[in-house]
Amino acid sequence: MPILRPLAIAALLLQFPPPAVDIPHRTSPEWLAPYRDATSRLMGEAIASDFAWQRLAYIGDTFGHRLSGSPNLEAAIKWAVEEMKRDGLENVRAEPVKVPHWVRGRESLEIVGAAPQPLVILGLGNSVGTPPAGVEGDLIVVHSFEELDAARDRVKGKIVLFNVPFTNYGETVRFRAAGPSRAGSLGAVAALVRAVGPPGLRTPHTGALAYADGQPQIPAAALTTEDAARLQRMVDRGTTVRLKLMMEAHFLPDADSANVVGEIRGRELPNEVVVIGGHFDSWDVGTGSTDDGGGCVVAWDALRMMKKLNLRPRRTIRVVLWTNEENGGRGGVGYRDRHLEELAGHVMMLESDGGVFRPTGFGFSGSEAARTKVRDIASLLSGIHADTISPSGGGADIGPSVQQANIPALSLDVEGNYFLIHHTPADTIDKIDPLDIARSSAAVAIMSYVIAEMPERLK
């Protein structure tokens, strides 16, 4: 990691003044008075340099993408273990997890005809490939599953395009996840999905599909919004559009991987644990800086700052960089199974996997009594306008443990155009503001520190 020179730090502070210049939203309750000094120190440490941004830039620049099973991810895991040790974290280790190893290979899509026209795609994660020569088929465009079912007599032998405009992730992602099996069950030879995200200068969005048991597995890819619109116009004119799709996608045997774990052990109640983290794997395009390298660094930096400031809370705070969130979820399941007997001692789990933009607060899932405490703690973040507590929190990686032991769950909430670059080649460090990641680190550090430090357990 590069160390910032004093002049660089001064320049950063001139560019990004400290949060004290912001107007607080509300006053903190009096019971938080003992934590205000630690809050001030953590906030000051976070914004004193661009350390977190530089660490994230190093990860992306050095290791690139980190798809499960890739040498990139495993090299990054080994580096993270050594780097956490250099930070002075305790009980640093890599906890082994077996992960799926999907390989994209070469891929292409083109309009077949007198003047072949290439289109921009990304194969969907976990997709099967095509035969070496590819597959050809006439195009049929649908805009819903109901429309697909209505066209069932025309689907056999065709390539189906789900041309569904992006509304929100939860609503639109179902066409990526389930569309290929729905089309395959009707005899389609391949499926295309309009990118699950807003228009982004002809940028495709990958992501995992989920083949249904007992249904044909057909190759599937994401198409850019611009190319989906082009094909739609051609079909609307009455043109018969013939496409050729070639994908080398395939699975190799499961690979060795690991969750990276580091701690600051609690001074009084070390067996009561606050867990914070993000997923270290990414898709194999871009550098995974927003999804979810930034989330990992934000949580990791919270512990680094506590160690540097000699803040040792009453309970243990554990950072986990989970593996295989993107196309398997085995890191979260592996953590639950490995720590099953300890989950009763988990006080809170927090996941940061929504991008690193301006923090606005946290999502929270838990009892009303715990929500009241979390809302109070968030008032310490009013100076950076990160004091909003939204109705629900959690994440894919903490989900198995949270559900197993009914653990209070938080997620970092941010304000930014996450889905513009989500799962695309555009997910790179230049989209992240150093001040945003600094304030996000401060927010996670302060919330987790107070929960770990306060006399009573969050419950």
Side-chain angles (χ1 to χ4, degrees), residues 1-22 24 28 32-59 80 83-90 92 262-267 274 276-278 294-319 350 352 356 358-359 361-362 377-387 412 414 432-453:
M1 275 297 303
I3 299 174
L4 287 181
R5 297 181 295 275
L7 285 177
I9 295 173
L12 181 74
L13 291 174
L14 286 173
Q15 185 179 3
F16 302 121
V21 303
D22 293 333
S28 299
L32 288 166
Y35 312 108
R36 288 178 185 142
D37 177 66
T39 293
S40 177
R41 294 172 65 198
L42 287 166
M43 187 69 71
E45 180 64 28
I47 66 167
S49 77
D50 61 352
F51 185 95
W53 190 93
Q54 292 289 353
R55 172 164 274 174
L56 179 58
Y58 181 87
I59 292 170
E83 199 73 3
M84 281 189 185
K85 291 176 180 178
R86 280 190 284 271
D87 287 343
L89 302 191
E90 299 153 358
V92 176
E263 296 175 342
I264 292 180
R265 296 291 289 172
R267 69 178 189 277
V274 169
I276 61 179
C296 290
V297 168
V298 161
W300 180 355
D301 210 48
L303 269 71
R304 181 194 67 84
M305 293 189 296
M306 290 179 210
K307 178 66 178 180
K308 182 177 179 179
L309 297 172
N310 198 29
L311 293 171
R312 183 177 293 276
R314 182 174 276 112
R315 297 172 183 82
T316 294
I317 301 182
R318 176 180 295 163
V319 61
L350 181 154
S352 176
V356 185
R358 186 184 71 81
F362 297 88
I377 297 167
S379 69
L380 295 169
L381 302 169
S382 63
I384 58 170
H385 306 290
D387 56 343
L412 178 66
V414 298
I432 298 172
D433 189 316
L435 180 58
D436 286 341
I437 192 169
R439 289 185 174 182
S440 295
S441 297
V444 170
I446 290 164
M447 177 60 71
S448 58
Y449 176 80
V450 176
I451 289 174
E453 173 64 11

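Here the structure is a predicted model, which means the values were calculated and not measured.
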Mark yes or no for whether [X], through its side chain, and [Y], through its backbone, hold a donor-acceptor pair below 3.5 Å.
X	Y	answer
Trp53	Ile437	no
Arg314	Gly266	no
Ser40	Asp37	no

Any chance you could measure [X], atom [atom1], to [Y], atom [atom2], to the nearest 0.5 Å?
X	Y	atom1	atom2	result
Leu311	Tyr449	CG	OH	5.0 Å
Ile264	Thr316	CD1	OG1	9.5 Å
Leu56	Asp50	CG	CG	11.5 Å
Ile276	Arg318	CD1	CZ	11.5 Å
Leu380	Met447	CG	CE	8.0 Å
Ser441	Ile446	OG	CD1	10.5 Å

Is any side-chain heavy atom of [X] less than 4.5 Å from a side-chain heavy atom of [Y]?
X	Y	answer
Leu303	Lys307	no
Arg304	Glu45	yes
Arg267	Glu453	yes
Ile377	Leu32	yes
Arg55	Asp87	yes
Val319	Met84	yes

| message | Could you report the tightest heavy-atom contact between Ser440 and Leu412, atom names first, then the distance? | response |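 Heavy atoms of Ser440 and Leu412 come nearest at CB-CD2, 3.9 Å.
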
Minimal non-hydrogen separation, Gly295 against Val356, with atom names: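 Heavy-atom minimum between the residues: N-CG2, 3.8 Å.
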
### Query
How would you list, by chain and number, every residue that makes a salt bridge (Lys or Arg N to Asp or Glu O under 4.0 Å) with Arg358, sequence neighbours excluded?
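Listed in chain order: Glu415.
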
Inset, instruction - List for me each residue that meets salt bridge (Lys or Arg N to Asp or Glu O under 4.0 Å) alongside Asp436, sequence neighbours excluded, and say none if there are none. - result: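 Per chain and number, Asp436 pairs via salt bridge (Lys or Arg N to Asp or Glu O under 4.0 Å) with no residue.
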
